[in-house]
Amino acid sequence: MSLSHSQIWSAIDSLARREGLSASALARRAGLDATAFNPSKRFGPGDPPRPRWPSTESLTRILGVTGLSLGAFAALAGDAAPARTTVPLLGLAQAGQDGFFDDAGLPTGDGWDQTELPQSRDSLLGLRITGDSMVPLYREGDRIIVDREAGDVRKGDRVVVRTTGGETLAKVLTGISAASITLDSINPAYPPRALPRRDIVWMGRILWVSQ
């Protein structure tokens with residue numbers, strides 16, 4: 001049996017909710033530090049950030065105080081990967097050729113690749129864009145889906161960053177090191193921002209936007 005980093009942490013969050021607790025309260029009930037399961041503890045330094053896994057001891061403790069078996073925890077985590085939803089994918093040049101659409105304008109034939117849509121999971125978060133720092137890419141009122149546990153964020157990715165000061169920033173990641181990150185806006189009226197890693201609660205990749 002193999003469970004991914006995201007599945008393990010999602011199972012801990014789900015177990016906490018099942019008990020009517022936050023992840024921090026679950027940690028305290030198990031005799032652990034209240035921050036043991038915080039989102040900021042789930043990735044370590046690195047380029048990209050290195051996934052951190054909960055210890056065997058911490059898992060044993062939360063299973064003990066909740067009365068959950070290891071098998072039930074694995075089921076909670078989702079031993080089998082969920083079915084993926086896909087849509088047909090063509091390049092714009094191909095889409096201009098005959099044979100890919102029927103008379104009603106619908107996809108036809110077998111010349112399509114497939115692209116995956118974001119699957120519902122605990123690490124996904126929906127946000128509404130405010131302000132104009134990312135125009136024309138994102139405009140006021142656009143809705144985005146962010147993966148807060150994306151472990152392979154790279155330079156050039158469009159990301160959302162939550163800071164310890166309470167800011168939630170939608171930007172382009174243009175620099176990343178063990179000590180800090182640099183965020184750029186699309187709108188040239190806004191200068192780049194450098195943030196120390198210690199000021200970042202979480203950083204997630206933007207997966208989808210509705211305009």
Side-chain angles (χ1 to χ4, degrees), residues 1-85 116-127 144-154 157 159-169 173 176 178-181 195-208:
M1 179 177 62
S2 176
L3 296 175
S4 69
H5 175 265
S6 176
Q7 285 176 308
I8 291 288
W9 284 113
S10 292
I12 290 174
D13 291 336
S14 296
L15 178 56
R17 287 195 299 271
R18 197 186 76 165
E19 297 293 311
L21 301 169
S22 65
S24 296
L26 177 62
R28 287 194 298 269
R29 178 186 285 185
L32 302 168
D33 186 279
T35 66
F37 299 147
N38 281 7
S40 60
K41 295 292 184 72
R42 302 180 185 190
F43 291 92
D47 185 7
R50 186 183 71 255
R52 282 179 173 162
W53 296 73
S55 69
T56 303
E57 179 185 2
S58 64
L59 289 178
T60 300
R61 287 195 183 190
I62 62 173
L63 295 182
V65 297
T66 59
L68 196 71
S69 69
L70 184 59
F73 181 82
L76 199 60
D79 191 19
R84 299 182 181 274
T85 302
E116 293 179 1
L117 299 179
Q119 295 297 307
S120 178
R121 53 184 181 272
D122 289 343
S123 63
L124 296 188
L125 174 69
L127 296 171
I144 59 175
I145 291 178
V146 181
D147 187 352
R148 292 170 293 168
E149 294 186 3
D152 55 348
V153 176
R154 296 169 294 186
D157 283 348
V159 299
V160 168
V161 175
R162 176 71 174 178
T163 73
T164 55
E167 289 184 288
T168 303
L169 308 169
L173 181 66
I176 184 167
S180 65
I181 64 170
L195 292 176
R197 288 267 189 167
R198 64 177 179 274
D199 292 344
I200 298 172
V201 178
W202 56 260
M203 176 169 60
R205 184 188 299 109
I206 297 173
L207 301 181
W208 178 89

Gap between atom [atom2] of [Y] and atom [atom1] of [X] - 0.5 Å precision:
X: L207; Y: D157; atom1: CG; atom2: CG; value: 10.0 Å
X: L15; Y: F37; atom1: CG; atom2: CZ; value: 9.0 Å
X: T66; Y: R18; atom1: OG1; atom2: CZ; value: 6.0 Å
X: D13; Y: L26; atom1: CG; atom2: CG; value: 9.5 Å

For L59 and F73, which heavy atoms make the closest approach, and how far apart are they?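 For L59 and F73, the tightest heavy-atom pair comes out as CD2-CZ, 3.9 Å.
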Considering all heavy atoms of both residues, which atom of K41 and which atom of A36 are nearest to each other, and what is their separation? CB-O, 4.0 Å
By side chain to side chain contact (heavy atoms under 4.5 Å, CB included), which residues pair with [X], not counting sequence neighbours?
X: L127; value: L125, I144, V146, V160, T168
X: A30; value: L32, R61, I62, V65
X: P196; value: R198, D199

Is the side chain of [X] donor-acceptor paired with the backbone N or O of [Y] at a distance under 3.5 Å, no angle test?
X: R162; Y: G166; value: yes
X: W9; Y: P54; value: no
X: R197; Y: I181; value: no
X: H5; Y: W53; value: no

With salt bridge (charged side-chain N to carboxylate O under 4.0 Å, His left out) as the rule and sequence neighbours excluded, what pairs involving residues 27-36 come up?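 Every salt bridge (charged side-chain N to carboxylate O under 4.0 Å, His left out) pair that includes a residue of residues 27-36, provided the two are not neighbours, is E19-R29.
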L173 vs V161 side-chain heavy atoms within contact, under 4.5 Å: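 Of all side-chain heavy-atom pairs linking V161 with L173, none is under 4.5 Å.
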Side chains of N38 and V201: closer than 4.5 Å at any heavy-atom pair?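 The answer is no, as the side chains (C-beta and beyond) never meet within the 4.5 Å cut-off.
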Among all residues two or more places apart in sequence or in another chain, which pass the side-chain hydrogen bond (donor to acceptor under 3.5 Å, both in side chains) test with S55? S58
Given V159, which of L169, I206, V153 fulfils the side-chain contact (heavy atoms from CB on, under 4.5 Å) condition?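 Among L169, I206, V153, the one that satisfies the side-chain contact (heavy atoms from CB on, under 4.5 Å) with V159 is V153.
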